[in-house]
Structure formats: structure tokens, C-alpha cells
Participant: 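Mind having a look at this structure? Questions to follow.
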Amino acid sequence: MINTEITPSRLDRAFARFLTERTSLDGDQNQRFYELVEQLSFQQNHGHSCIAVDQQDQQLLFDSGLVSRQGERAPLIMDNGHLFTHRYWSYERQLADQLLTLYEKENTVPNLESALDRYFGLKTVETDWQRKAVQSAVTRAFNIITGGPGTGKTTTVVKILALLQEIAQKPLLIALAAPTGKAAMRLQEAISKSKKQLPRSDEIVQHIPETVTTLHRLLGARPRSPYFHYHAKSPLPHDLVIVDEASMVDLALMAKLVDALRPNARLILLGDKDQLASIEAGAVLADLTRAMPDCTVELKKSFRFNSRIKQFSDAVNEQNVEKAWKMLQAQQENIVYLKSDLIAFITEKQYQYLKLVKKAKPFEEIYHAFLNFQVLCSNRHGSHGTQEINIMVEQRLLASGLINKLGEWYVGRPVMITQNNAAMHLYNGDVGICLYDEKLGQLMVFFQNDTGVKKYLPTRLSHCETIFAMTIHKSQGSEFDEILIALPPLMNPVLGKELLYTAITRAKQKVIIAADKNIFEQTIKQKTERFGGLAEKIIETGFSGINADNDLTAN
């Protein structure tokens, strides 16, 4: 669904004006060119890599002198009736070509079935999806493993790593990565636990890495630059790269990652294809699972996800409005409809971690207590948005004496980084808590990420925000024991079943929802679509794993 309800930004208008001033058009045609470019810029900033254009507008665009057909140099590209900026068209073209190259690389593994038997037991009539994923991963250079929470993606990856190390002639150099620091920490903890359960020798186990980094750290982000240290001419040294939470990876970053792989490297993407797509342009994981089914294995059996939460998330994902509302109204222990005062409820939930702050407990203990409960919102602004909730909760906590807020920074303030800062090793999504440092005698903000615990002066953190409540987009890659989902009183383009499904699947033990029945039901009924040409370009490269007659432009 193309977003048409929010007005273009100043940047969208400036970009459209810049190109319009350079066309060979005039009058009404010039104005129409401006409108199309403004719409393209706006939609790219809202996740789409292109816009559909009718035949009349296509001719006008070609007459402008700034639009070419695919493959020719121009600021804008027309491809299969869709208008792209050259940048995003190139990302899709490059990624499609490189993935086809990876797809064509296959490996024959002698006695593979007997090796799989050691990890999974003898083959049975019922399909073992984890076994199938491991088999695919050791025989192909590119693989996607998708599945909902608790389906064993991490367990499967550890067995893949063990088997690959077992059959390799020498120890493999492996990189484990995730889009955010939180997601990296989660994968790191899960791999550490899964390694202990492997039925293999200590020598094999010790060659399975546990350290997980963010994608930006892996690629070598350069401060104040869109470029990375590693790229095609300076490739990563790794034999295998595994990326968790791949649904969060946007088109540009995925293209740069694949471009940085050395020629004989393998790539495995992990993620839940039904979650929200990336904040930036593209729906890469969803595109790839549909366009490259031969490379995709979906894990379908849930082992540890709370059964009622799973049923609830499935009902939302399947857009079964009646079942979802019925489960919510049942008011059982782990699926709850909030009827009490929203702000009072949230404020009371902060008491436990703030009491630990008052007692000056270690940061790690405070940090984990804070992450036990989280409020998730669909929007930043407006009623039930993060800004409103954060302000009102701060006011209640201040009135109760649990915080002493004399300025922006105070003891116990939880914050999230909102902009990558490679120089400080802080990245979008990293969560920290402001505490008094006895050794330094001043306030410091403590962070726990994939590199350990670090602390910074508050004055150095210019791009961060309070997170008694965070957006659902920002929660991706995280898990909380208990979540509260606050939906707005009015429908807006952000709401959709993917958003609600993503929020629900952040919870391990309990889901609480504060929403009007009508908004809850409309949210489930609304399906988000991303427009792009990646799937079509994969078909054009000659990939035979999908019916080329399928319409893959809208995702």
C-alpha cells in the first residue's frame, strides 16, 4: 500500500525542484514532472524503492531528458513501468546479480545423510525442518532460514556451524552479525547456550564463534560517511557470514554487505519473513523468500514460544480478526486487554527497576530489570505515541519521588540511541541507562552491547531519546518478558497486521494491549505492502526458482 496520507517533506520538495530545474520540459509538463519526482522521493523515504507510472507519464518522463531505461546512466530509471532513482535501481540490480552468483555455487558433501543423523537422529516420515535447513546450508553458498519465535533458528545455525567446521579442511573464519546491538546481544547469548548442547567434540565446538557484531561494525562504518571499510575491492576475510534479524536489513545495507563478500564466501540470512520490513527502503527478506524459494527453508515448529502468545500472533498474522479479539477478551494470564488507566499502569511498572537504581545496584542488574517490561507504540507523535507517554510517565515518576529531574538528564533515565555514531561505537537502537558514577562523581550513561559495558558523558549523546515507551519499529531485534502495546485512537498509515505481529512476538511471557476494539480490528485487516523491483530483477538474472508470471512488484 503506497502511503498517500502524509505530506512530502522539505527534502522531497527540494529534490524534486532540483531535478525539475534541469529538464527540457515546460508548463504543465514541468509541473507534472515535479509531482512525480516529489512522490518518488517521498515514497522512498517511506520504504518503497520505486513508484508505478502509467504510459502517459512514462512518455513525459522520457521527454524530460533525465530518465533512461534500465542500464543507461541518468538520475532516474524507468524499469517495467516503475520509476526509480538511479541509486536504488542500482542497489537492486547489483544485489540480484550477486545473489544469482551465490545461488549457482553448490557443494557436494560425502555421507551427508549420516552426518545429519548424528545431529538430528535417524530420518523420520515427518519433515524435520531444522534438518532440512542444515542440509541446504552445507550444500549451497546462499541460504535463508526463516521462522517465527521459538522455531529454533539459532539452534539450527549452531548445528550448521558445527557441521561446516567438521567437513572443512581447516577451521573456517566465521562472522556473526545483526542489524542492531540488541539483536547482536540476543544472538550471542543464544549461541553460547546452544553450543553446550552440541553432540560434538570440544575441538569442533571451540571453533564455533560466540561473538556477534552489528552489521555496521562488521563492514567497518566510517564516521560521517555512507561508505564502509569493506567492499568489493576490499572484501571481508570471512568464509561464512550469518546475519540474524534479516527482515530489519534495508536494501542499501544488504547490497553493501553482499558486495563486500569475498568470491568463495557463504551467506546465511536468518529472520521472520512476516515481521515488519526495514525502516529504510526495501523489503529484502520478504522479496528473497518469495523470489528464491530453492534457497529458503521455513522452520514451522515452535519449541519454546508461549503457546497462547503464538496462537495470538498467528491469528493476527493470518488476519483472523474474530479469533484475535476473542483471545484478547478472554483476559487470560498471558494475553490481557488493559482497561485501567494507561499512564498509571505504565508508571507502576517502572517501580521495580527504579528501586534498584535508588539502591545503587550494579548496572547489569538494573539494565535487565528495565528490559523485563516495555511499552511499544505504533507512532512517535499523537495520542498513545511514544513522545506523549514518555513525557506523562516522567511527570508521574517525578511526582512520586522516584526520579529527581532537574534537567534533561537524571539518575534512572533510560535512553535509546537514534543515530549511528561509529566513532563512539554507538549505533541506532542501542539502549542505555543514566546512573551516578561513584568513581567519577558525576552522571554517566551506561550501555551494554555486543562489545560489553561502556559508559559515556551525557553531553556526548546528542542523538538519543527517553524510552519508557519505544516504537514497535525500534523494538525489532529485542525480547521482553512482558510488553504493553499502545495503539492510537485513530487509524493511520503506519498501522497494519505486520506491525502488530512484530510487537506481539517481542513478548516471551505476557502481552497487554491498550486499544479501542475498532482500531485493533482495523489494524489486523490492514496489510502493509512495499513496492520494489528486487524480485523481478532476480527473475531477470535467470533464476529459475519462481514462476516469472507472478506479480512481485508489490510486497
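Values below: all heavy atoms of this structure, side chains included; hydrogens, waters and symmetry mates excluded.
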Participant: Does N390 reach the main-chain N or O of A469 with its side chain, forming a donor-acceptor pair under 3.5 Å?
Facilitator: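 Yes; judged by distance alone, with no hydrogens or angles, the pair exists.
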Participant: Output yes when a side-chain donor or acceptor of H384 lies under 3.5 Å from a complementary backbone atom of L487, and no otherwise.
Facilitator: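 Yes, because the side chain of H384 sits within donor-acceptor range (under 3.5 Å) of the backbone of L487.
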Participant: For the residue pair F312 and F520, categorise the inter-ring angle as parallel (less than 30°), tilted (30 to 60°) or perpendicular (more than 60°).
Facilitator: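 Ring orientation of F312 relative to F520: parallel.
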Participant: Taking the six-membered ring of F373 as reference, does the NZ or CZ atom of K349 fall below 6.0 Å from its centre and within a 45° cone about the axis?
Facilitator: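 Geometry flag: set, cation within 6.0 Å and 45°.
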Participant: Can you label the angle between the F370 ring and the Y353 ring as parallel, tilted or perpendicular, going by 30° and 60°?
Facilitator: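 F370 and Y353: perpendicular rings.
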Participant: With a 3.5 Å cut-off and no angle check, do the side chains of E92 and S49 form a donor-acceptor pair?
Facilitator: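 Present: a donor and an acceptor within the cut-off.
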Participant: Look at atom CD of E364 and say whether more than 12 heavy atoms of other residues, nucleotides or ligands are closer to it than 6.0 Å.
Facilitator: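 Yes - once you tally the heavy atoms of other residues, nucleotides and ligands closer than 6.0 Å, there are more than 12.
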Participant: Among I485, V336, I335, which residue satisfies the side chain to side chain contact (heavy atoms under 4.5 Å, CB included) criterion with I512?
Facilitator: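 For I512, the side chain to side chain contact (heavy atoms under 4.5 Å, CB included) check succeeds only for V336.
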Participant: Under 30°, 30 to 60°, or over 60°: which ring-plane class applies to H46 and F42, parallel, tilted or perpendicular?
Facilitator: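 Tilted, since the angle between the ring planes falls between 30° and 60°.
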Participant: Quick one: do K497 and E318 make a salt bridge, cutoff under 4.0 Å?
Facilitator: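 So K497 does not pair with E318 through a salt bridge.
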Participant: Take F84 and Y88 through the ring-ring contact (aromatic ring centres under 6.0 Å, His included) test and state the conclusion after the steps.
Facilitator: CA-CA 6 Å; F84 296 79; Y88 281 103; 8.8 Å; no
Participant: Under 3.5 Å, is there a donor-acceptor pair between the R413 and T466 side chains?
Facilitator: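 There is such a pair (donor and acceptor under 3.5 Å, judged by atom type) between the side chains of R413 and T466.
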Participant: State whether a side-chain donor-acceptor pair under 3.5 Å links D314 with Y501.
Facilitator: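 Per modelled atom types, D314 and Y501 side chains form no pair under 3.5 Å.
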Participant: Using a 6.0 Å distance limit plus a 45 degree cone around the ring axis, check whether K159 lies over the aromatic ring of F120.
Facilitator: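 Yes.
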Participant: So for atom NZ, which belongs to K355, do other residues, nucleotides or ligands contribute more than 12 heavy atoms lying within a distance under 6.0 Å?
Facilitator: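 Not more than 12 within 6.0 Å, no.
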Participant: Could you give the distance from NE2 (H473) to CE (M248), rounded to the nearest 0.5 Å?
Facilitator: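 These two atoms lie 9.5 Å from each other.
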Participant: Are there more than 12 heavy atoms of other residues, nucleotides or ligands under 6.0 Å from atom NZ of K132?
Facilitator: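 No, not enclosed.
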Participant: Is a donor on one side and an acceptor on the other found under 3.5 Å between the side chain of D12 and the backbone of S9?
Facilitator: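 Answer holds: yes.
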Participant: Does K405 NZ have over 12 foreign heavy atoms under 6.0 Å away?
Facilitator: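 Enclosed: over 12 neighbouring heavy atoms sit under 6.0 Å from NZ of K405.
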Participant: With distance as the sole criterion, is a donor-acceptor pair present between the side chains of N518 and Q522 under 3.5 Å?
Facilitator: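 Yes, a side-chain donor-acceptor pair sits under 3.5 Å.
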